[in-house]
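Because the structure is predicted, anything quoted here is derived from the model rather than measured. Order of the sequence lines fixes the chain letters, A, B, ..., with proteins taken first and strands second; residue numbering starts at 1 for each chain.
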There are 2 protein chains.
Amino acid sequence: MRASDRAYMALREDIVEWRLRPGAILAEVEQSERLGVSRTPVREALSRLTAEGLTTAAGGRGVVVTDISLENIDELFELRETLEVRAAALAAERGEASVFAELRARLLDAPALLSEDDPARHEYYALVGRLDEAIDAAISNSYLANAMRSLRVHLVRVRRLAADDAARLHAAAAEHAAIAEAIADGNPRLAEAATILHLHRSLTHVKAVHPAR
Amino acid sequence: MRASDRAYMALREDIVEWRLRPGAILAEVEQSERLGVSRTPVREALSRLTAEGLTTAAGGRGVVVTDISLENIDELFELRETLEVRAAALAAERGEASVFAELRARLLDAPALLSEDDPARHEYYALVGRLDEAIDAAISNSYLANAMRSLRVHLVRVRRLAADDAARLHAAAAEHAAIAEAIADGNPRLAEAATILHLHRSLTHVKAVHPAR
DNA sequence: TAATGCCCATTTGTATACAAAGCCCGTCTG
DNA sequence: CAGACGGGCTTTGTATACAAATGGGCATTA
């Protein structure tokens, strides 16, 4: 694997896992020493991160990690709803029913994944990720799929902010199952409604967890 | 201005103006000699273009200009409609009425801009661009605005494919004026409808111009 | 004391040398 | 004759040296 890819993944991981907080300054030499590669691959990695909106160039003082907080979260979810509602509808029109029927079944079993003590909820998020991928594949629209992929990077950052408890994840799994069911049934309007409901609940939960300063 | 910026703009211009056709191979040394800079800024420029989706890395044979044709145009317009319909509705909710009222008036005068013999329709497209910028500003959502900005780069490429005649541009100006009017009136549903109508007409025109192989 | 201009340190921007990796083509072999 | 294999060449990937630009701190001055 290329050094620039490793640098990119390492930095992106550090940012979405909040090890590099919003506002942190990433100097090229500093990061190149930390990651054990030269400035060139670090530079390319920072370029890609900036293109994605995870960092922004800050004049003569390196690039800074983009701010994400409750101020922007409404904007983020506005775009998310725009894209995901449409994607769900298109998936309902074009997707393979069997794929989503199976995902629905697995999502209904999701509480089993959460009962084990896995603090990172790895299995659960992997399952949700599979639903995302299935929708991406079903819509067969590379432009829309790319837009959603770039959006998801930002959403993972918010995940940490949400600090979901088991109760919320149980409910979210049921909501995801409802989306999968609507898509499997080939019902676009229902898929839209289920998506709107899920996103509304997610956003409400995040805001409830955090003090509305 | 930085050499990498110049290289980026030059290459992007060459691609959207179809001087570099889809499938063309861009080798780093070749382009660096052509643009009179070293490989490093060319490399960064190609990186940015690839992130935008205008080029794709092609293994050990340089980056190639992304294919765009009637096969993908449906996908492109699907994303376009998703974003622009929502943006128009949000602009109607949040925009300054006076700004859009003035743009509407100018758009109704657009035929005057087209009567002069300006083959590139520079003035006309600048006016449409001002409407886009006004919508971007009105929605006050940086994520959505960025998504639309990155989409527009691809749309400019399609513009060449469309080969709009004067009659189509007259009609399009009227459609844009209708969108501006709906936003100025603060009527989100009407703004959505006007946008859907405009995009449908645009896509239909492109497909009519080109033989439906 | 607050504003302003200058100087220096730090950081990014560019060029280039060298290393590694992938493709193309010729050859060999079944 | 078709397919696999290997060498050479082209192209990208990485490191580093040097240039330019920007920001921060200090001194100066109104």
Polar pairs (N or O, both sides) under 3.5 Å between protein and nucleotides 21-25 of chain C?
none

remark   = Footprint ends on DNA chain D, 5' to 3', for atoms under 4.0 angstrom from a heavy atom of chain A, come out as D:dG13 to D:dG24

message = Under the rule for ring-ring contact (aromatic ring centres under 6.0 Å, His included), what residues qualify as partners of A:Y143, not counting sequence neighbours?
response = B:H154

ask   = What do you reckon, is CZ of A:R106 surrounded by more than 12 foreign heavy atoms closer than 6.0 Å?
value = no

key: Salt bridge present between B:K207 and B:D74 (N-O < 4.0 angstrom)   = yes

query = Is a salt bridge present between B:E192 and B:R86, judged by a nitrogen-to-oxygen distance below 4.0 Å?
reply = no

ask   = For A:E96, does the CD atom sit with more than 12 other heavy atoms under 6.0 Å from it, leaving out its own atoms?
value = no

request  = Provide the full list of salt bridge (charged side-chain N to carboxylate O under 4.0 Å, His left out) pairs with a residue in residues 48-61 of chain B, sequence neighbours left out, each pair given once.
outcome  = B:D5-B:R48

inquiry  = When the axes are fitted on five pairs at both termini, how much does the helix from C:dT1-D:dA30 to C:dG30-D:dC1 curve, in 10° steps?
reply    = 30°

task = With B:T55 as reference, evaluate B:L11, B:V64, B:I15 under the side chain to side chain contact (heavy atoms under 4.5 Å, CB included) test and give the passing residue.
result = B:I15

query = Do we see a donor-acceptor contact under 3.5 Å between the side chains of B:T40 and A:R43?
reply = no

key: Lys/Arg N to Asp/Glu carboxylate O, A:R104 vs A:D109, below 4.0 Å   = no

query = For DNA chain D, what residues of residues 24-44 of chain B have any heavy atom nearer than 4.0 Å?
reply = B:L26, B:A27, B:E28, B:R39, B:R43

ask   = Side chain of B:D165, backbone of B:R168: donor and acceptor closer than 3.5 Å?
value = yes

key: A:R34, CZ atom: more than 12 neighbouring heavy atoms under 6.0 Å   = yes

Test: B:R80 cationic atom under 6.0 Å from B:F77 six-membered ring centre, within 45° of axis = yes

